[in-house]
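Here the structure is laid out as structure tokens; the discussion comes afterwards.
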Amino acid sequence: MKIKKRIMPILPNSLTSEMPVIEDEAMLEALQIENEFVEEADCHHLFIKESRIKKMQMLGSRLSQFECVNVVFENCDFSNSEWIGAGFHQVEFRQCKLTGCNFAEAYLKDCLFSGCILDYASFSMSTMKVVDFEESSLKQAEFSELDWQHLRLKDCQLTQSQWFNTRLKDLDFSENQFDTIALSPESIRGMIVNAEQALTIAETLGIILK
């Protein structure tokens, strides 16, 4: 498969340092937000555009129809947030804690997760186009019924991640680690693994090797 290069976030040369109010239909644009704590955020149609957000804590947020375009998140903690049906376009998450974060039915295009903790996160029924996961922990993360194009995984921990009813042809797992993995037998044709991973998958499927 031809490798498609991810489009990186485009940020303005000048960003305004302030913390706006997080509320329904708020638009946050061209902002530099750092060291902020947001408690029990629950809103609709929050739109963040062309901004850099560092060291923000917003645990357990409920953001319906959340959208981000050209945004960089660094060292943030969004654990246990509900972002069902969110849209992310040219967005980077760097060294962020996203444990248990729910991205179900989200749309992600030209996105990066680097050095993140995504254990127990859910991407079920999401759409990913040109998305990179690197050096991240995805233990027990859910990727069931995922629609993807140009998805890349490198140096990630995938133990007990779930890939039920997801097409795996041409998806390269070989540079990642997992002790066990859950997937649909009918979907494994054409997936790319190393020799050790092939043995693990065979055992998962109940194949006895001598």
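The first residue in the sequence is number 1, and the count goes up from there. Since the model is a prediction, treat every value here as computed from it, not as a measurement.
For Tyr107, the ring-ring contact (aromatic ring centres under 6.0 Å, His included) partners two or more places apart in sequence, or in a different chain, are His89. Under the side-chain hydrogen bond (donor to acceptor under 3.5 Å, both in side chains) criterion, Thr166 pairs with no residue at all, not counting sequence neighbours. In this structure Glu82 satisfies the side-chain hydrogen bond (donor to acceptor under 3.5 Å, both in side chains) test together with Asn102, sequence neighbours excluded. With sequence neighbours left out, Ser122 forms a side-chain hydrogen bond (donor to acceptor under 3.5 Å, both in side chains) with Ser124. Taking the side-chain hydrogen bond (donor to acceptor under 3.5 Å, both in side chains) definition, one finds that Gln95 meets it with nothing, sequence neighbours left out. For Arg62, there are no salt bridge (Lys or Arg N to Asp or Glu O under 4.0 Å) partners, not counting sequence neighbours. Taking Ile7 as the reference, Gln90, Asp110 meet the side-chain contact (heavy atoms from CB on, under 4.5 Å) condition, with sequence neighbours excluded. Remark: Asp172 pairs with Ser174, Ile192 by the side-chain contact (heavy atoms from CB on, under 4.5 Å) rule, at least two apart or across chains.
In this structure, Glu142 CD and Leu118 CG are separated by 13.5 Å, a value rounded to the nearest 0.5 Å. Rounding to the nearest 0.5 Å places CG of Leu31 at 8.5 Å from OG of Ser17. The CD atom of Glu145 sits 10.0 Å away from atom OG of Ser187, with the distance rounded to the nearest 0.5 Å. For the atom pair CD (Glu50) and CG (Leu15), the distance works out to 9.0 Å, reported to the nearest 0.5 Å. Going from atom CG of Leu138 over to atom CZ of Phe178 covers 13.0 Å, rounded to the nearest 0.5 Å. The distance from the CG atom of Asn80 to the SG atom of Cys101 is 8.0 Å, given to the nearest 0.5 Å.
Both Phe93 and Leu46 are part of a single hydrophobic cluster, where members link through side-chain heavy atoms under 4.5 Å apart. With hydrophobic clusters built from ILVMFWY side chains whose heavy atoms lie under 4.5 angstrom apart, Met58 shares a cluster with Phe88. Linking Ile, Leu, Val, Met, Phe, Trp and Tyr whenever their side-chain heavy atoms come within less than 4.5 Å leaves Val130 and Trp148 in two separate clusters. The hydrophobic cluster containing Met56 does not contain Leu112, counting ILVMFWY residues as joined when their side-chain heavy atoms lie under 4.5 angstrom apart, directly or transitively.
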### Message
Is there a side-chain contact (heavy atoms from CB on, under 4.5 Å) between Met128 and Gln149? Walk through the geometry before answering.
### Response
CA-CA 6 Å; Met128 295 185 181; Gln149 297 176 27; over 6 Å; no
### Task
Evaluate the criterion side-chain hydrogen bond (donor to acceptor under 3.5 Å, both in side chains) for residue pair Trp83 and Ser61; output intermediate values, then yes/no.
CA-CA 8 Å; Trp83 294 349; Ser61 63; 3.0 Å; yes
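In this structure the side chain of Val131 never reaches within 4.5 angstrom of the side chain of Lys109, judged on heavy atoms. In this structure, Leu108 and Phe113 have side chains that are in contact, with non-hydrogen atoms separated by less than 4.5 Å. Taking the side chain as every heavy atom from C-beta outward, Asn70 and Val91 never approach each other to under 4.5 Å. Within the 4.5 Å cutoff, the side chain of Ile48 has no heavy atoms near those of the Glu67 side chain. Annotation: side chain of Val71 is not in contact with side chain of Leu11 (no heavy-atom distance under 4.5 Å). With contacts defined as side-chain heavy-atom distances shorter than 4.5 Å, the pair Leu28/Ile33 qualifies. Taking 4.5 Å as the limit, every side-chain heavy atom of Cys96 sits out of range of all side-chain heavy atoms of Asp77. No side-chain heavy atom of Arg94 sits under 4.5 Å from any side-chain heavy atom of Phe73.
Applying the side-chain hydrogen bond (donor to acceptor under 3.5 Å, both in side chains) test to residues at least two apart or on different chains, the pairs with a partner in residues 23-44 are His44-Ser64. Residue pairs satisfying the salt bridge (Lys or Arg N to Asp or Glu O under 4.0 Å) criterion with at least one member in residues 111-138, sequence neighbours excluded, are listed as follows: Arg6-Asp132, Asp132-Arg152.
Taking the charged nitrogens against the carboxylate oxygens, Glu74 and Lys55 have no contact shorter than 4.0 Å, which rules out a salt bridge.
Through direct or indirect side-chain contacts shorter than 4.5 Å among Ile, Leu, Val, Met, Phe, Trp and Tyr, Val69 is connected to Met27, Phe47.
When all heavy atoms are compared, the tightest approach of Cys116 to Ser136 is N-OG, 3.0 Å. Closest approach of Pro12 and Ala30 over heavy atoms only: CG-CB, 4.0 Å. The two residues Ser79 and Lys97 make their nearest non-hydrogen contact at OG-CG, 3.4 Å.
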Check: residues 158-165 side-chain donor-acceptor pairs under 3.5 Å, at least two apart:
residue	atom	partner	partner atom	Å
Thr159	OG1	Gln157	OE1	2.5
Thr159	OG1	Asp179	N	3.0
Gln160	OE1	Gln140	NE2	3.0
Ser161	OG	Leu158	O	2.7
Ser161	OG	Trp163	NE1	2.9

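Side-chain rings of Phe133 and Phe123 approach one another, their centers coming within less than 6.0 Å.
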